[in-house]
Student: 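Just passing along the structure, written as structure tokens.
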Protein chains: 2
Amino acid sequence: MERVDTSLIALRRILRATEMFGRDLAKAAGLTPAQFRVLQVVAENGFSTPKAIATRMSVSQATMTALLDKLERKEMLTRQRSQKDRRQTDIVITPLGRAAMEDAPDALQQIFVRRFEALEDWEQAQLIASLERVASMLDAQEIDAAPVLDWGDISGRPS
Amino acid sequence: MERVDTSLIALRRILRATEMFGRDLAKAAGLTPAQFRVLQVVAENGFSTPKAIATRMSVSQATMTALLDKLERKEMLTRQRSQKDRRQTDIVITPLGRAAMEDAPDALQQIFVRRFEALEDWEQAQLIASLERVASMLDAQEIDAAPVLDWGDISGRPS
DNA sequence: CTTTTTTGCTTCGGTTGACTAAGTAACCCA
DNA sequence: TGGGTTACTTAGTCAACCGAAGCAAAAAAG
């Protein structure tokens, strides 16, 4: 009881901190957190498609179109019709986009990384174990039942 | 290096899961996550003021006004001029508001709580320690002072 | 080899959450 | 009384998101 509360409070602190760093980042980089995330996803391979990014970020395609519009206007990525499948659009990150990402590295990660690396070896190991445990407690898709309410299908598409 | 990455991935999984549950919750309860949070904050004591809630949630007062408007229209809380200080407005949760909260308990918490309670005693303890450590790594405002171990006030309100 | 269905993306209209700036009302102090 | 501060609201703006509707290309059916 007590303990659950304590852990929930810690969780909330983590979420809160993340939110705030997101905002700071937005100001520093001239990019909103959502735009930044798009850039990050595209940067992984240097290119992608709207559908793939939308799925990865779990937003609708409509939302993704809007985000891509903004990033394209800022010349941080380009759209071009795919050769293989002309329904698709290839999203390619531009040097400018890549530069923006590197100039404004994720503030949250920066801080976290710095501190994480300062920890003792065994502490790092334990933290990882715990974080992964929590993650799996939260994001396991096969939630058996979900008895309290019937929030339909949790994974992806809002009905 | 390796390890930092692993922990960041776990963190991202946690954030992502939270986001998604937030959305599901919104659909189930007819309340948006932000509205729900307001209700939760007010429910702690049964009443509050716009300023206090805004500070707690770290949004501007203007934003709070808008949120309160919506919740008031849904008759989940009431506004009434404070007696002591007539600049202030007392926000009081209504039975309907309380019912809404109880009907739609925070999905994320539900799941987390269930699983947390299923853990061994020592696992719980370790998880708490780790979560708090991460939280303090992230949310310490005064960056390099943040002695990693000052979580004195954990038992109640995240500042 | 057509027709139908599905898929990928965009457009449109609308909601929510968030901000700043400017306003009003009330309190506080001198 | 009058000036500064505080609490809240109003007005205007913007980002992120959604669902529905549309279009064009690919894939499946016939």
Side-chain angles (χ1 to χ4, degrees), chain A residues 15-16 19-20 22-27 29-39 41-42 47-74 76-92 152 156-159, chain B residues 16 19-20 22-27 29-39 41-42 47-74 76-92:
Chain A
L15 301 176
R16 218 179 102 82
E19 234 175 72
M20 310 233 298
R23 280 184 217 165
D24 293 344
L25 161 69
K27 287 193 178 149
L31 288 172
T32 64
Q35 290 168 12
F36 195 80
R37 261 180 287 143
V38 172
L39 232 41
V41 171
V42 178
F47 65 92
S48 192
T49 68
K51 178 69 187 293
I53 309 170
T55 305
R56 195 80 159 8
M57 289 177 57
S58 56
V59 300
S60 70
Q61 287 192 354
T63 300
M64 191 47 58
T65 295
L67 284 170
L68 294 174
D69 284 349
K70 280 166 200 154
L71 288 168
E72 195 180 25
R73 231 177 296 127
K74 293 184 193 193
M76 291 184 175
L77 45 78
T78 59
R79 276 193 254 227
Q80 54 197 65
R81 213 107 204 134
S82 166
Q83 305 281 323
K84 304 178 294 209
D85 184 339
R86 265 171 307 184
R87 288 168 303 183
Q88 286 184 316
T89 302
D90 287 337
I91 304 296
V92 182
R157 44 152 35 102
S159 67
Chain B
R16 219 180 104 81
E19 234 175 72
M20 310 232 300
R23 284 183 213 164
D24 293 339
L25 160 71
K27 297 217 162 123
L31 288 171
T32 64
Q35 290 168 12
F36 194 80
R37 261 180 286 144
V38 172
L39 230 43
V41 170
V42 177
F47 64 92
S48 191
T49 66
K51 178 68 187 293
I53 309 169
T55 305
R56 194 79 158 18
M57 289 178 56
S58 57
V59 299
S60 71
Q61 288 191 356
T63 300
M64 192 46 58
T65 295
L67 284 170
L68 294 174
D69 285 348
K70 280 166 200 155
L71 287 168
E72 194 179 26
R73 229 177 299 128
K74 293 184 193 191
M76 290 184 175
L77 46 76
T78 60
R79 276 194 254 226
Q80 53 196 65
R81 213 103 206 136
S82 165
Q83 304 280 323
K84 302 181 294 212
D85 183 341
R86 267 172 306 183
R87 287 168 305 181
Q88 286 184 319
T89 302
D90 287 336
I91 304 298
V92 182

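These numbers were taken from a predicted model, which means no experiment stands behind them. By convention in this document, chain letters (A, B, ...) are assigned in the order of the sequence lines, proteins followed by strands, and residues within each chain are numbered from 1. Worth knowing before you read on, the calculation uses all heavy atoms, side chains too, and leaves out hydrogens, waters and symmetry mates.
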Student: Report the C-alpha distance between Arg16(A) and Met57(B) in whole Å, list the side-chain angles of each, state the deciding distance to 0.1 Å, and finish with yes or no for side chain to side chain contact (heavy atoms under 4.5 Å, CB included).
Tutor: CA-CA 9 Å; Arg16(A) 218 179 102 82; Met57(B) 289 178 56; 5.9 Å; no
Student: Mind checking if Thr89(B) touches a base, just sugar-phosphate, or nothing, with heavy atoms under 4.0 Å?
Tutor: sugar-phosphate
Student: Nearest whole angstrom, please: distance from the P of dC8(D) to the CG of Leu71(B).
Tutor: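 Spelled out: CG on Leu71(B) to P on dC8(D) is 16 Å.
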Student: Produce a footprint string for nucleotides 18-24 of chain C: one letter per nucleotide, 5' end first; B if the base is under 4.0 Å from any protein heavy atom, S if only the sugar-phosphate is, - if neither.
Tutor: BBB----
Student: Locate the shortest heavy-atom distance separating Asp90(A) from Ser82(A); write the atom from each residue and the value.
Tutor: OD2-CA, 3.7 Å
Student: Tell me whether Lys51(A) contacts the main-chain N or O of Gln88(A) through its side chain, where contact means a donor paired with an acceptor under 3.5 Å.
Tutor: no
Student: Can a donor-acceptor pair be found, under 3.5 Å and without considering hydrogens, that links the side chain of Thr65(A) to the backbone of Gln61(A)?
Tutor: yes
Student: Does a sphere of radius 6.0 Å around CZ in Arg86(B) hold more than 12 heavy atoms from other residues, nucleotides or ligands, not counting ones at 6.0 Å or beyond?
Tutor: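 Incorrect, the count does not exceed 12.
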Student: Apply the side-chain contact (heavy atoms from CB on, under 4.5 Å) test between Leu67(B) and each candidate in Glu72(B), Arg37(B), Gln35(B); give the one that qualifies.
Tutor: Gln35(B)
Student: Can you tell me which nucleotide in dA15(D), dC8(D), dT10(C) comes closest to the side chain of Gln35(A)?
Tutor: dA15(D)
Student: In whole Å, I'd like the distance from the CZ atom of Phe36(A) to the P atom of dA15(D).
Tutor: 18 Å
Student: What is the distance from NZ of Lys51(A) to C1' of dT10(C), rounded to the nearest Å?
Tutor: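 The answer, rounded to whole Å, is 15 Å.
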Student: Within this structure, what is the CG-to-P distance between Asp90(A) and dG8(C), rounded to whole angstrom?
Tutor: 13 Å
Student: Please round to the nearest 0.5 Å and tell me the distance separating atom OG of Ser48(B) and atom CD1 of Ile53(B).
Tutor: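 If we round to the nearest 0.5 Å, Ser48(B):OG and Ile53(B):CD1 are 4.0 Å apart.
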Student: Let's go through Leu77(B) and Leu39(B) carefully: what are the C-alpha distance in whole Å and the side-chain angles of both, what is the deciding distance for side chain to side chain contact (heavy atoms under 4.5 Å, CB included) to 0.1 Å, and is it a yes or a no?
Tutor: CA-CA 8 Å; Leu77(B) 46 76; Leu39(B) 230 43; 4.2 Å; yes
Student: Nearest whole angstrom, please: distance from the C1' of dA15(D) to the CG of Leu68(A).
Tutor: 15 Å
Student: Report each atom pair, protein N/O against N/O of nucleotides 26-30 of chain C, whose distance is under 3.5 angstrom.
Tutor:
| from | atom 1 | to | atom 2 | distance (Å) |
| --- | --- | --- | --- | --- |
| dC27(C) | OP1 | Arg86(B) | N | 2.9 |

Student: Around atom CD of Gln83(A), are there more than 12 heavy atoms from other residues, nucleotides or ligands closer than 6.0 Å?
Tutor: no
Student: Whole-Å distance between dC8(D) C1' and Ile91(B) CD1?
Tutor: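 Roughly 10 Å, once rounded to whole Å.
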Student: Once you round it to whole Å, what is the distance between C1' of dT15(C) and CG of Leu31(B)?
Tutor: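 Value for this atom pair: 15 Å.
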Student: Rounded off to whole Å, could you give me the CE-to-P distance for the Met64(B) and dT16(C) pair?
Tutor: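 Nearest whole value for this atom pair: 16 Å.
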